[in-house]
**Student:** 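Can you keep this structure in mind? I'll have questions shortly.
Just so it is clear: chains get the letters A, B, ... in the order the sequence lines come, proteins before strands, and each one is counted from 1.
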Protein chains: 4
Amino acid sequence: MGKNPTKRMAILNSAEHIFAERGFHEATISEIAAGANVSDATIYEYFPSKEALLFAIPAEYSLKFQMGNRHILKYIKGQKNKLRAIIYRLLELYEDNPEYANVTAMILKTSRKFTETAEYEVIRESARMMREIIEEGIANGEFRPNLNPVIVRSMMVGTIDNLVVRKAILGKPENLMEQAESIIDVLFNGVLQPPAEEGINIHLTLDQPKKDES
Amino acid sequence: MGKNPTKRMAILNSAEHIFAERGFHEATISEIAAGANVSDATIYEYFPSKEALLFAIPAEYSLKFQMGNRHILKYIKGQKNKLRAIIYRLLELYEDNPEYANVTAMILKTSRKFTETAEYEVIRESARMMREIIEEGIANGEFRPNLNPVIVRSMMVGTIDNLVVRKAILGKPENLMEQAESIIDVLFNGVLQPPAEEGINIHLTLDQPKKDES
Amino acid sequence: MGKNPTKRMAILNSAEHIFAERGFHEATISEIAAGANVSDATIYEYFPSKEALLFAIPAEYSLKFQMGNRHILKYIKGQKNKLRAIIYRLLELYEDNPEYANVTAMILKTSRKFTETAEYEVIRESARMMREIIEEGIANGEFRPNLNPVIVRSMMVGTIDNLVVRKAILGKPENLMEQAESIIDVLFNGVLQPPAEEGINIHLTLDQPKKDES
Amino acid sequence: MGKNPTKRMAILNSAEHIFAERGFHEATISEIAAGANVSDATIYEYFPSKEALLFAIPAEYSLKFQMGNRHILKYIKGQKNKLRAIIYRLLELYEDNPEYANVTAMILKTSRKFTETAEYEVIRESARMMREIIEEGIANGEFRPNLNPVIVRSMMVGTIDNLVVRKAILGKPENLMEQAESIIDVLFNGVLQPPAEEGINIHLTLDQPKKDES
DNA sequence: GATGAATGAGACTTCATTCAT
DNA sequence: TATGAATGAAGTCTCATTCAT
């Protein structure tokens with residue numbers, strides 16, 4: 001059983017690269033092996049199957065992401081600010097690791113099997129965390145009541161995934177982080193122009209005799 | 001080249017079903033052929049390749065969807081209401097055709113090649129139309145200025161796709177249409193609680209005798 | 001699904017040839033395919049796996065053999081003669097089909113899996129038939145009582161298999177049929193020299209006066 | 001080259017066990033190594049190849065068997081009794097070492113290559129010895145003339161091998177030694193009921209006066 | 001137009017074996 | 001001596017696709 005962590009990483013990186021570029025089925029073990037400068041057989045010393053190799057890719061990213069979240073969110077006050085932080089972190093993760101972004105958004109997120117995987121657990125926890133932040137925001141009055149927290153999360157995640165896929169396929173937006181404020185703006189404030197500032201109604205009543213009270 | 005439109009539809013329907021259930025690569029021509037009660041070879045009388053068969057699936061749906069949009073939007077006043085209508089129509093389309101929904105959200109949307117296809121054109125037009133509606137809403141003051149129309153559209157589309165995939169993989173939400181108002185609510189109004197109507201209370205007391213203390 | 005019986009036979013014959021020559025694992029599908037003038041893939045149109053192909057080899061032989069037995073034995077009187085006929089038929093089968101003989105004696109007979117196969121049923125029936133003939137021979141007094149029928153059958157079958165394997169490996173005996181009488185002789189009469197023919201004791205007493213009766 | 005005889009035996013025993021249970025090709029070096037509590041590579045310190053490991057298994061058994069034969073047969077008078085002793089010893093060997101029995105009967109005996117091996121020499125000698133005993137039995141009148149010694153030996157060996165294989169595959173006969181007398185009985189006496197002692201009765205009556213009627 | 005039959009191409013995976021440590 | 005790690009070599013099987021009928 002292969003134990004060399006450097007080689008393991010080389011394989012994982014190569015796999016990430018090839019899978020991102022060509023998709024799971026189009027990618028071949030030979031390509032991945034070549035990219036990692038190992039033989040085909042060596043890959044099977046480190047991963048039991050091509051699919052297991054795919055599913056192993058997110059482990060480190062998602063763990064680091066989620067641990068970073070736990071660490072950082074402690075220092076952030078307000079659910080609004082926490083949500084903003086998460087959006088930034090997610091965009092940053094995908095911007096810094098575009099190949100991982102593609103693997104995640106284009107392969108793993110549409111894989112039924114991945115959901116049943118141990119590796120998926122961390123991702124599930126991330127999702128849970130987002131939902132709780134939203135729920136707490138509703139509870140403490142930062143967010144509007146009657147929001148559906150799952151839908152709100154789907155908007156966050158779905159929007160970002162959509163941008164990742166668009167970037168992978170169409171090449172734009174080139175820069176993910178630059179979209180952060182736009183996303184946050186819509187998510188927080190919505191698209192509608194609020195009704196014109198209604199101003200203060202002041203009713204002055206002066207005690208002068210009125211002729212008619214009609 | 002096969003010309004029997006009934007048989008063509010049978011193949012297309014079977015393909016939609018199988019692709020939705022098992023994914024593109026896991027699906028086999030034999031399965032699809034069996035589902036359509038034709039032979040493998042017959043499929044090649046109607047479609048030049050497995051991939052072409054996949055890409056042919058959305059044609060009718062997207063055309064009907066887009067023509068419906070054009071027709072209906074004429075009668076709807078206000079960009080806000082148009083956007084609302086599109087969200088409803090999209091959710092309805094996916095709810096009524098869950099297999100098409102899966103094929104679209106899980107296979108086609110992540111396919112680079114599909115983008116280069118003639119069949120993609122209609123979808124591109126749909127996207128353009130959405131963007132224009134948003135732009136017009138900004139222009140006419142219904143929507144807030146400084147919105148990024150592409151981001152707004154990504155939010156709409158990404159949210160809905162995310163829900164479709166979640167439904168396919170996790171089984172929930174069971175009902176897509178029921179999510180419409182939640183989505184629209186967040187998209188239009190955002191998640192933030194608007195600052196409490198601060199309206200300044202001014203108490204004017206005039207020290208002049210009053211006739212009535214009613 | 002391949003249906004051409006000629007091609008099926010060609011594959012079967014080639015498989016028999018290659019398996020007999022090189023053994024199951026050493027034989028490759030490619031070799032077998034080449035021997036049958038078909039492509040590798042075609043083999044899988046006719047047989048679901050390499051193993052299934054192996055197990056399909058005896059079907060025809062064993063069926064023909066067993067049906068021949070049923071037919072012929074009706075006309076043979078005496079269990080002794082029936083046993084003799086079976087031994088001849090078995091040796092003839094293996095002599096006429098030396099490759100089948102090898103496949104049977106060297107591969108199938110030592111395969112646990114083959115025993116669980118439908119194809120094995122006919123062979124099981126042959127074995128049952130032999131046992132019954134022996135049992136009847138014991139019952140009707142042709143054979144010695146207290147014989148163990150299963151052991152007797154094992155001697156018949158084991159001896160012949162042993163010769164088949166010797167021939168395959170050492171090249172001798174070159175001719176199987178020629179061993180028939182030797183086998184039958186030992187099986188029927190055993191190896192022991194019967195105690196010297198005791199002959200008839202005739203005591204002649206002549207009434208002549210004897211001098212001495214010592 | 002490994003020199004630790006304990007470890008060598010551990011490997012040999014594990015190999016015997018695994019080969020017997022799963023066959024030569026189905027067994028893997030890794031399994032065998034695990035069974036011997038050594039690494040895969042260590043096996044190659046003691047045996048040059050998987051095949052050589054297989055062929056090394058019978059060495060000790062066959063040597064001990066054959067030396068035992070030489071020793072014991074000296075004290076046995078009569079070829080008939082010698083044959084009987086060999087049958088007993090063979091059955092005992094296989095009964096006491098069922099895994100070796102399987103390896104021998106199911107793998108080695110059908111291996112062309114094994115015949116060309118140095119390890120095979122002892123086995124060849126055993127066979128020669130059996131043949132000689134039979135030949136001498138024929139010569140000295142214990143056995144019937146006109147017997148084919150090779151066939152007789154094939155009957156002995158073939159029968160026993162057949163039982164070993166049956167036991168391995170079908171589980172019966174459970175006990176090999178118990179079959180000894182049945183085998184010997186048929187081998188020595190054959191299956192046929194000898195013709196009823198026909199002895200011709202001749203009654204001679206001489207019409208001459210007898211002195212005594214005792 | 002429909003298809004039964006055939007196959008080229010290739011991928012994943014396994015495993016005996018080697019070798020530096 | 002022992003082995004962890006690496007790999008060359010190969011084989012089975014699948015499947016989209018073709019084509020003669």
Side-chain angles (χ1 to χ4, degrees), chain A residues 1-4 7-8 11 24-33 36-53, chain B residues 1-4 7-8 11 24-33 36-53, chain C residues 1-4 6-8 11 25-33 36-53, chain D residues 1-4 7-8 11 24-33 36-53:
Chain A
M1 268 301 160
K3 279 275 167 176
N4 182 334
K7 198 161 284 190
R8 199 188 124 94
I11 294 170
F24 179 68
H25 281 97
E26 286 74 13
T28 71
I29 289 289
S30 291
E31 279 176 295
I32 294 170
N37 268 107
V38 296
S39 73
D40 291 25
T42 296
I43 289 189
Y44 288 87
E45 290 291 315
Y46 288 85
F47 302 93
S49 70
K50 187 186 179 188
E51 204 176 44
L53 172 56
Chain B
M1 265 300 167
K3 281 290 175 125
N4 181 334
K7 198 161 283 190
R8 200 188 123 94
I11 293 170
F24 179 68
H25 280 98
E26 288 74 14
T28 67
I29 290 288
S30 290
E31 278 177 294
I32 294 169
N37 271 108
V38 297
S39 73
D40 291 25
T42 297
I43 288 188
Y44 288 85
E45 292 294 320
Y46 289 84
F47 302 94
S49 72
K50 188 187 179 186
E51 204 174 45
L53 172 55
Chain C
M1 269 298 162
K3 279 277 167 176
N4 182 335
T6 311
K7 196 161 284 190
R8 198 188 125 94
I11 293 169
H25 281 97
E26 286 74 13
T28 70
I29 290 289
S30 291
E31 280 177 294
I32 295 170
N37 268 107
V38 296
S39 72
D40 291 24
T42 297
I43 289 189
Y44 288 87
E45 289 292 313
Y46 288 85
F47 302 93
S49 70
K50 188 186 178 187
E51 202 175 46
L53 172 55
Chain D
M1 265 302 166
K3 281 288 174 126
N4 180 335
K7 198 162 281 191
R8 200 189 124 93
I11 293 170
F24 179 69
H25 280 97
E26 286 74 15
T28 67
I29 290 288
S30 290
E31 278 178 294
I32 294 169
N37 271 106
V38 297
S39 73
D40 292 24
T42 297
I43 289 188
Y44 288 86
E45 293 294 319
Y46 289 85
F47 301 93
S49 72
K50 186 187 180 187
E51 205 173 43
L53 172 56

**Student:** Go nucleotide by nucleotide along DNA chain F from the 5' end; which of Lys50(B) and Ile29(C) gets its closest nucleotide reached first?
**Tutor:** Ile29(C)
**Student:** Check whether any side-chain N or O of Tyr46(A) sits under 4.0 Å from OP1 or OP2 of dA6(F), and answer yes or no.
**Tutor:** yes
**Student:** With side-chain contact (heavy atoms from CB on, under 4.5 Å) as the criterion, how do Tyr46(B) and Val38(B) come out once you've worked through the C-alpha distance, each side chain's angles and the decisive distance to 0.1 Å?
**Tutor:** CA-CA 11 Å; Tyr46(B) 289 84; Val38(B) 297; over 6 Å; no
**Student:** Roughly how many Å is it from CD1 in Ile43(B) to C1' in dT18(F), rounded to a whole number?
**Tutor:** 14 Å
**Student:** Let's see if you can work this out: which of dT3(E), dT7(E), dT12(F) has an atom nearest to the side-chain heavy atoms of Ser30(C)?
**Tutor:** dT12(F)
**Student:** I'd like to know whether Arg8(D) forms a side-chain contact (heavy atoms from CB on, under 4.5 Å) with Phe47(D), so could you lay out the CA-CA distance, the side-chain angles of the two residues, the decisive distance to 0.1 Å, and finally the verdict.
**Tutor:** CA-CA 9 Å; Arg8(D) 200 189 124 93; Phe47(D) 301 93; 3.4 Å; yes
**Student:** From the list dT17(F), dT12(F), dT7(F), which nucleotide is the closest neighbour of the side chain of Asp40(C)?
**Tutor:** dT12(F)
**Student:** Between atom CG in Leu53(C) and atom P in dG11(F), what is the gap in whole Å?
**Tutor:** 16 Å
**Student:** Measure from NE2 on His25(C) to P on dA16(E) and round the result to the nearest Å.
**Tutor:** 11 Å
**Student:** Using a 4.0 Å heavy-atom cut-off across all strands, classify Ala33(D) as base, sugar-phosphate, or nothing.
**Tutor:** nothing
**Student:** When all nucleic acid strands are considered with a 4.0 Å heavy-atom cut-off, which category describes Thr42(A): base, sugar-phosphate, or nothing?
**Tutor:** base
**Student:** Output the rounded distance in Å from CD (Glu45(C)) to P (dA16(F)).
**Tutor:** 13 Å
**Student:** Closest to the Asn4(A) side chain: dT14(F), dT3(F), dA6(F)?
**Tutor:** dA6(F)
**Student:** Among the nucleotides dT12(F), dT3(F), dC12(E), which one has an atom lying closest to any side-chain atom of Thr28(C)?
**Tutor:** dT12(F)
**Student:** Search all heavy atoms of Ala33(D) against all heavy atoms of Asp40(D) and return the closest pair with its distance.
**Tutor:** CB-OD1, 3.5 Å
**Student:** Taking only the side-chain heavy atoms of Tyr44(A) (C-beta and beyond), determine which of dT13(E), dC13(F), dA5(E) contains the nearest atom.
**Tutor:** dT13(E)
**Student:** Starting from the 5' end of DNA chain E, give me the residue, Pro48(A) or Ala41(C), whose nearest nucleotide shows up first.
**Tutor:** Ala41(C)
**Student:** Within the distance-only criterion (no hydrogens, no angle test), does the side chain of Lys7(A) pair as donor or acceptor with the backbone N or O of Asn37(A) below 3.5 angstrom?
**Tutor:** no
**Student:** Rounded to whole Å, how long is the line connecting atom NZ of Lys3(C) with atom C1' of dT3(E)?
**Tutor:** 15 Å
**Student:** Over all strands shown, is Ala52(B) touching base, sugar-phosphate only, or nothing at heavy-atom distances under 4.0 angstrom?
**Tutor:** nothing
**Student:** Can you tell me the base-pairing partner of dA20(E)? Count Watson-Crick or G-U wobble geometry only, both distances below 3.5 Å, and say none if there is no partner.
**Tutor:** dT3(F)
**Student:** Could you check which nucleotide pairs with dT14(F) in any of the strands shown, counting Watson-Crick or G-U wobble with both distances under 3.5 Å?
**Tutor:** dA9(E)
**Student:** Of all the nucleotides listed (dT18(E), dT18(F), dA6(F)), which has the minimum atom distance to the side chain of Lys7(A)?
**Tutor:** dA6(F)
**Student:** Checking Phe24(D) against His25(C) for the side-chain contact (heavy atoms from CB on, under 4.5 Å) test, could you report, in this order, the C-alpha distance in whole Å, the side-chain angles of both residues, the deciding distance, and whether it holds?
**Tutor:** CA-CA 10 Å; Phe24(D) 179 69; His25(C) 281 97; over 6 Å; no
**Student:** Specify the separation, in whole Å, of atom CD of Glu51(A) and atom C1' of dA11(E).
**Tutor:** 15 Å
**Student:** Find which nucleotide of DNA chain F each of Ser49(C) and Ser39(D) is nearest to by heavy atoms, and output the residue with the more 5' nucleotide.
**Tutor:** Ser39(D)
**Student:** For Ile11(A) and dA5(F), what is the distance between atoms CD1 and P respectively, to the nearest whole Å?
**Tutor:** 12 Å
**Student:** Looking at Ala27(D), is its backbone amide N or carbonyl O close enough to the side chain of Lys50(D) to form a donor-acceptor pair, meaning the two atoms are under 3.5 Å apart?
**Tutor:** yes
**Student:** Expressed in angstrom and rounded to an integer, what is the separation of Arg8(A) atom CZ from dA5(F) atom P?
**Tutor:** 13 Å
